[in-house]
Peer 1: 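One structure, as structure tokens, below. Some questions next.
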Amino acid sequence: MKQITNTIMMIKPVGFRYNEQTAVNNYYQQVLDNLTDEQTQEKALNEFNTFVDKLRNVGVNVIVIQDTEYPDTPDSIFPNNWVSFHSNAMIGLYPMCAENRRDERREDIFDSLVDEYGFTIEGIKDFTEFEEHGKYLEGTGSMVLDHVNMICYAAISIRTDEIAVMQFCEEFGYRPICFTANQDVEGERMEIYHTNVMMCVADTFVVICLDTIDNEAEREHVLESLTETGKEIIEITEAQKHRFAGNMLQVMGDKPYLVMSNSAYTSLTKEQKIAIEKHCPILYSSLDTIEACGGGSARCMMAEIFLPKKNKNQ
């Protein structure tokens with residue numbers, strides 16, 4: 001089992017904009033008053049294309065899927081929330097909190113991965129039934145996976161249901177580490193909606209905002225698990241987390257890279273950058289419009305593909 005992959009899927013947006021449905025519990029989203037929806041889409045598309053180019057330039061295999069105009073899916077640029085692709089040739093399909101995000105789930109993409117790109121898909125583990133019960137689990141936004149040690153870190157929230165986490169872990173063979181992570185919202189401590197906002201697990205290190213885990217026993221439990229796996233723990237502050245410094249993903253190009261946004265990169269201290277670069281180089285790209293309107297960053301834009309390739313001799 002590998003922690004990182006060379007192949008990622010990204011969805012090229014056609015109607016990216018501020019999504020009122022997700023803004024209810026995503027406190028990172030902002031209305032950009034000076035931009036029309038068309039201008040927002042244009043800026044987001046430029047950021048997307050630059051980001052894809054940077055990834056490809058260092059040898060990352062980026063499969064770009066064109067979004068469709070209908071149905072209206074303003075957040076389709078964040079595919080890691082609705083799907084995950086696993087090395088046992090299985091796919092995870094996830095229950096989404098916002099109704100207009102459910103339309104992002106496209107099985108035609110799976111056909112394309114098999115027919116055009118030569119991947120093997122044995123089956124789909126479909127968790128979307130949880131939506132009927134008002135429970136959600138938004139893929140690798142809700143769960144940060146340590147694939148090598150088969151551990152699933154999950155900050156429980158309105159979008160990350162504990163029972164759904166347990167079912168995922170049972171189906172895919174991961175050990176759940178559940179906790180609550182909070183952030184300051186207008187003077188109150190509110191649950192962080194996605195785990196991948198506050199932590200990132202790489203091959204030999206982890207970037208995490210431990211200050212968000214208010215419960216001491218839970219914080220110790222997470223720390224213990226990370227320490228046992230032998231990973232170096234690189235801590236970030238809540239202010240850095242707010243600039244998406246937790247929303248990173250390690251991918252394989254010509255060597256491993258830790259990928260993040262420009263906002264995340266500039267928020268890091270010199271010491272933190274040195275600590276990360278001892279393990280692998282950093283790749284960053286400006287995602288200002290996408291972060292402001294979408295409330296998501298670099299990690300959310302990349303759906304990792306661990307699926308096996310078809311046997312060429314068949």
Side-chain angles (χ1 to χ4, degrees), residues 5 8-11 19 21-22 24-26 63 65 67 71 73-113 119 121-147 150-178 181 191-201 247 249 294-297 299-307:
T5 178
I8 58 171
M9 180 187 83
M10 294 176 69
I11 307 285
N19 185 354
Q21 291 189 24
T22 53
V24 177
N25 47 34
N26 178 343
I63 294 174
I65 303 285
D67 190 15
T73 50
D75 277 330
S76 64
I77 204 166
F78 304 129
N80 83 310
N81 297 140
W82 66 265
V83 68
S84 59
F85 304 102
H86 298 263
S87 58
N88 62 354
M90 298 300 287
I91 287 176
L93 208 55
Y94 298 100
M96 308 287 285
C97 181
E99 283 189 31
N100 64 2
R101 292 213 63 190
R102 297 170 193 176
D103 289 329
E104 292 172 32
R105 297 188 292 246
R106 286 171 50 191
E107 297 206 13
D108 64 298
I109 291 173
F110 307 156
D111 297 335
S112 168
L113 290 177
F119 288 102
I121 296 173
E122 297 288 346
I124 297 172
K125 297 208 183 274
D126 188 342
F127 303 99
T128 58
E129 199 183 300
F130 277 99
E131 286 169 357
E132 294 167 29
H133 309 283
K135 296 183 188 305
Y136 314 106
L137 182 68
E138 298 190 332
T140 53
S142 290
M143 301 175 290
V144 173
L145 303 175
D146 179 338
H147 298 293
M150 300 301 282
I151 299 170
C152 166
Y153 295 95
I156 302 307
S157 71
I158 183 75
R159 298 210 208 166
T160 306
D161 181 76
E162 192 162 0
I163 294 165
V165 171
M166 296 303 180
Q167 190 167 322
F168 167 87
C169 288
E170 199 172 302
E171 293 281 355
F172 281 99
Y174 285 76
R175 178 164 63 90
I177 304 277
C178 297
E191 287 174 350
I192 289 175
Y193 70 112
H194 279 163
T195 315
N196 76 1
V197 166
M198 53 75 66
M199 73 181 291
C200 155
V201 172
N247 199 245
L249 181 68
S297 188
R299 195 279 166 263
C300 308
M301 294 169 68
M302 299 180 281
E304 301 149 282
I305 299 181
F306 289 97
L307 297 169

Peer 1: Looking at NE2 of His194 and CE of Met143, how far apart are the two atoms once the value is rounded to the nearest 0.5 Å?
Peer 2: 10.0 Å

Peer 1: In Å, rounded to the nearest 0.5 Å, how long is the span from CE of Met302 to OG1 of Thr5?
Peer 2: 11.5 Å

Peer 1: With a 4.5 Å heavy-atom cut-off, do Tyr136 and Met96 have their side chains touching?
Peer 2: no

Peer 1: Any side-chain heavy-atom pair from Val144 and Cys200 closer than 4.5 angstrom?
Peer 2: no

Peer 1: Could you measure the distance from the CZ atom of Arg106 to the CD1 atom of Ile11? Nearest 0.5 Å is fine.
Peer 2: 6.0 Å

Peer 1: Could you work out, with side chain to side chain donor-acceptor pair (under 3.5 Å) as the rule, every residue matching Tyr153, not counting sequence neighbours?
Peer 2: Ser225

Peer 1: Which residues satisfy the side chain to side chain donor-acceptor pair (under 3.5 Å) test with Glu304, sequence neighbours excluded?
Peer 2: Arg299

Peer 1: What residues, two or more places apart in sequence or in another chain, satisfy side-chain contact (heavy atoms from CB on, under 4.5 Å) together with Ala181?
Peer 2: Ala155, Phe179, Ile192, Met198, Thr212

Peer 1: Test side chain to side chain contact (heavy atoms under 4.5 Å, CB included) on Ile65 and Met10; report intermediate values, then the result.
Peer 2: CA-CA 6 Å; Ile65 303 285; Met10 294 176 69; over 6 Å; no

Peer 1: Working to the nearest 0.5 angstrom, can you tell me the gap between Ile63 CD1 and Ile305 CD1?
Peer 2: 4.0 Å

Peer 1: If you look at every heavy atom in Ser76 and Asp67, which pair is closest and at what distance?
Peer 2: OG-OD2, 2.7 Å

Peer 1: Which heavy atom of Thr195 sits nearest a heavy atom of Ser142, and at what distance?
Peer 2: OG1-O, 2.5 Å

Peer 1: Would you give me the side-chain donor-acceptor pairs under 3.5 Å for residues 163-177, sequence neighbours excluded?
Peer 2:
unit_1	atom_1	unit_2	atom_2	d
Glu171	OE1	Lys125	NZ	3.1
Tyr174	OH	His147	ND1	2.7

Peer 1: Which heavy atom of Pro95 sits nearest a heavy atom of Glu138, and at what distance?
Peer 2: O-CG, 3.8 Å

Peer 1: Indicate whether the side chain of Ser84 and that of Tyr94 have a donor and an acceptor atom separated by less than 3.5 Å.
Peer 2: yes

Peer 1: To the nearest 0.5 Å, what is the distance between OG1 (Thr140) and CZ (Phe85)?
Peer 2: 10.0 Å

Peer 1: Looking at every non-hydrogen atom in both residues, tell me the closest pair between Gly92 and His86 and how far apart they are.
Peer 2: N-CD2, 4.2 Å

Peer 1: If you take all heavy atoms of Gly296 and Cys300, which pair is closest and at what distance?
Peer 2: CA-SG, 4.0 Å

Peer 1: Return the CG to SG distance between Leu145 and Cys152, rounded to the nearest 0.5 Å.
Peer 2: 5.5 Å

Peer 1: Only counting residues at least two apart or in another chain, list the ones meeting side chain to side chain donor-acceptor pair (under 3.5 Å) with Asp126.
Peer 2: Thr128

Peer 1: Just jot down the side chain to side chain donor-acceptor pair (under 3.5 Å) partners of Asp103, sequence neighbours excluded, or say none.
Peer 2: none

Peer 1: Show every salt bridge (Lys or Arg N to Asp or Glu O under 4.0 Å) that has at least one partner inside residues 128-137, sequence neighbours left out.
Peer 2: Arg102-Glu131, Arg105-Glu131, Lys135-Asp161

